[in-house]
Amino acid sequence: MAKLVVNQFFARETLKVAKDLIGTILTFGNCSGRIVEVEAYTNDEASHAHRRTDRSAIMYDTFGHVYVYFIYGMYHCLNFTTEKSQSGAVLIRALEPLSGIELMKKRRDVEDVRKLCNGPGKLCQALAIDLKLNGTRIGDKVKLIEGSRGEVKTSPRIGIKKATDLNWRFFEAGNPFASRIK
DNA sequence: TACTGGATTCACT
DNA sequence: GTGAATCCAGTAA
């Protein structure tokens, strides 16, 4: 397993980055998990990337950085910024927990491993990700390691679902750790 | 300064 | 399937 070349990886089209993130190992602190579901946000109206504000400026100014935002007064969502020349980001929607599982269980107050990280808010809670992480470089606190993908073209099987007109969800087909696909 | 809505989750029916 | 919880960011005035 190789450490991912962040600059090269995230400078590409958001949709390609999103697809290639499936199967990648994400580590933060003592916990790690395999990314099994993501959502690509390009410059469309449903996305924070549509309008430049103080909060969303990071998506215009950077790629390969962590973008965390707070939603519904209760949850955080973890994104990675993409594309060199325009705004874009990939929301991490679900992880398959690999290590630090006991810690995640404690944080989530849940015993069922499948329910630890099968949602954007849940995985942030399990990994203790909050706004303090916003703006940090990928590879700094949050690290990514190529998993079963990388050179592999055929597996894992990647499912694609349209979320909005321009946004797409990518998930590992048949993986029980992926969140509910609506 | 005040108001509004949201890329979610979970309990309840 | 429905609705409540909850608070920050964005917007209007």
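Labels below follow one simple rule: chain letters A, B, ... track the order of the sequence lines, proteins then strands, and each chain is numbered from 1. The figures here come from the full heavy-atom set of this structure, side chains too, leaving out hydrogens, waters and symmetry mates.
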Return the value, rounded to whole Å, for the distance between atom [atom1] of [X] and atom [atom2] of [N].
| X | N | atom1 | atom2 | value |
| --- | --- | --- | --- | --- |
| A:L91 | B:dG6 | CG | C1' | 13 Å |
| A:N79 | B:dA7 | CG | P | 11 Å |
| A:I92 | B:dT8 | CD1 | C1' | 16 Å |
| A:Y69 | C:dA9 | OH | C1' | 13 Å |
| A:N118 | B:dC10 | CG | P | 8 Å |
| A:Y41 | B:dG6 | OH | C1' | 11 Å |
| A:H48 | B:dG5 | NE2 | P | 15 Å |
| A:F70 | B:dG5 | CZ | C1' | 14 Å |

### Ring centroid separation A:Y75 to A:F70 under 6.0 Å
no
### Query
Is it true that A:Y69 and A:H76 have ring centroids separated by less than 6.0 Å?
no
## Note on the structure
Per atom distances to the A:M74 side chain, the nearest of B:dC10, B:dT8, C:dA5 is C:dA5
## Note on the structure
Of the listed B:dC10, C:dG10, B:dA7, the closest approach to the A:R55 side chain comes from C:dG10
### Message
Ignoring hydrogens and geometry beyond distance, is a side-chain donor-acceptor pair present between A:T81 and A:T62 at under 3.5 Å?
### Response
yes
### Message
Give me the distance, rounded to whole Å, that separates B:dG5 from C:dG3 when you measure between the C1' atoms they each carry.
### Response
16 Å
### Summary
Pairing partner of C:dT6, by Watson-Crick or G-U wobble and under 3.5 Å for both distances, is none
### Query
Does any nucleotide pair with B:dA7 by Watson-Crick or G-U wobble geometry, both distances under 3.5 Å, and what is it?
none
### Task
Verify the contact: side-chain N or O of A:R93 to OP1 or OP2 of B:dA7, cut-off strictly under 4.0 Å; return yes or no.
no
### Query
Are OP1 or OP2 of B:dC10 and a side-chain N or O of A:K115 less than 4.0 angstrom apart?
no
### Task
Answer with yes or no whether A:Y72 presents, from its side chain, a donor or acceptor under 3.5 Å of a partner atom in the base of C:dA5.
no
### Message
Nearest heavy atom decides the nucleotide; on that basis, is A:I71 or A:R51 closer to the 5' end of DNA chain C?
### Response
A:I71
### Query
Only one of A:F9, A:Y67, A:F10 forms a ring-ring contact (aromatic ring centres under 6.0 Å, His included) with A:F80, so which one is it?
A:F10
### Task
Could you check whether A:R108 gets within reach of a base, just the sugar-phosphate, or nothing at all, counting any heavy atom under 4.0 Å?
sugar-phosphate
#### Entry: Salt-bridge present (A:E172, A:R34; N to O < 4.0 Å)
yes
